[in-house]
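A short write-up of the structure that comes next.
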Amino acid sequence: MYSYERLLQENKIWAAEKVAANPEYFQHLAHLQSPEFLWIGCSDSRVPANEITGTQPGEIFVHRNVANLVINTDVNLLAVLDYAVTHLKVKHVIVCGHYGCGGIKAADTKTDYRPVLNMWLRNIKDVIRHHREELDAITDEEGRTDRLVELNVQEQVYNLAKTTIIQRCWKQEQRPDLHGWVYGLKDGIIKPVFEMKAGTQIDDLYEYDNL
Ligand code: CO
């Protein structure tokens, strides 16, 4: 058996278990998608959004990329954000990073990862530059990376607040709240590190007044 065939086999078992527990399970899900949460997480295979939050299919709208970045020219992320906020009307957007993130560690080196990854990781180098003083004061390497993971999540929450998608919704509907969380690979615990309630004042450089 090829390794990927195990996934298809497990899928059949999973579907059968769901139907055994509730014969209407898939009919119900097929007609309903009204998740309350948008999750922007790292692609890391150890941080599956539903599993670590004990949520079921239908509860969380998910976008994942390397090091959970919110980049204002990323059409993929912006399409997910717009759909989740404007059409699904989510109440909360969660940016969830994780300690021990390979993308974060890579960005804090001088290694050339070749054009595409260099382009992506450049955004994290900018986070380091914004917080250089605080980060340089941390002497142990793991402590520095942990703090960078937290600061990165915070900056990505700011990046969400800088979009017209979020600002328009804040102004018109007083939602969604933005949350910055960090998941611990070592203990499985999610730590909330930053929050912006709907309507929070942001640097007026980034504010739009004709929404
Ligand atoms: Co990661």
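From a predicted model like this one, the values you see are computed outputs, not experimental measurements. In each ligand, atom 1 is the first atom listed, and ligand 1 is the first ligand listed.
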Quick one: which of Ile124, Asn68, Val193, Ile104 gives a side chain to side chain contact (heavy atoms under 4.5 Å, CB included) with Val149? Ile104
How about Trp170 and Tyr208: are their ring centroids closer than 6.0 Å? no
For the residue pair Tyr25 and Trp14, categorise the inter-ring angle as parallel (less than 30°), tilted (30 to 60°) or perpendicular (more than 60°). perpendicular
Within a strict 4.5 Å, meaning less than it, do heavy atoms of the Asn159 and Asn72 side chains meet? no
Under 2.8 Å from the Co ion (ligand 1), which protein N, O or S atoms do you find? Ignore water molecules. Cys42 SG, His98 NE2, Cys101 SG
Mind checking whether Tyr83 and Phe61 have parallel, tilted or perpendicular rings, split at 30° and 60°? tilted
Side chains of Ile165 and Cys169: does their closest heavy-atom pair fall under 4.5 Å? no
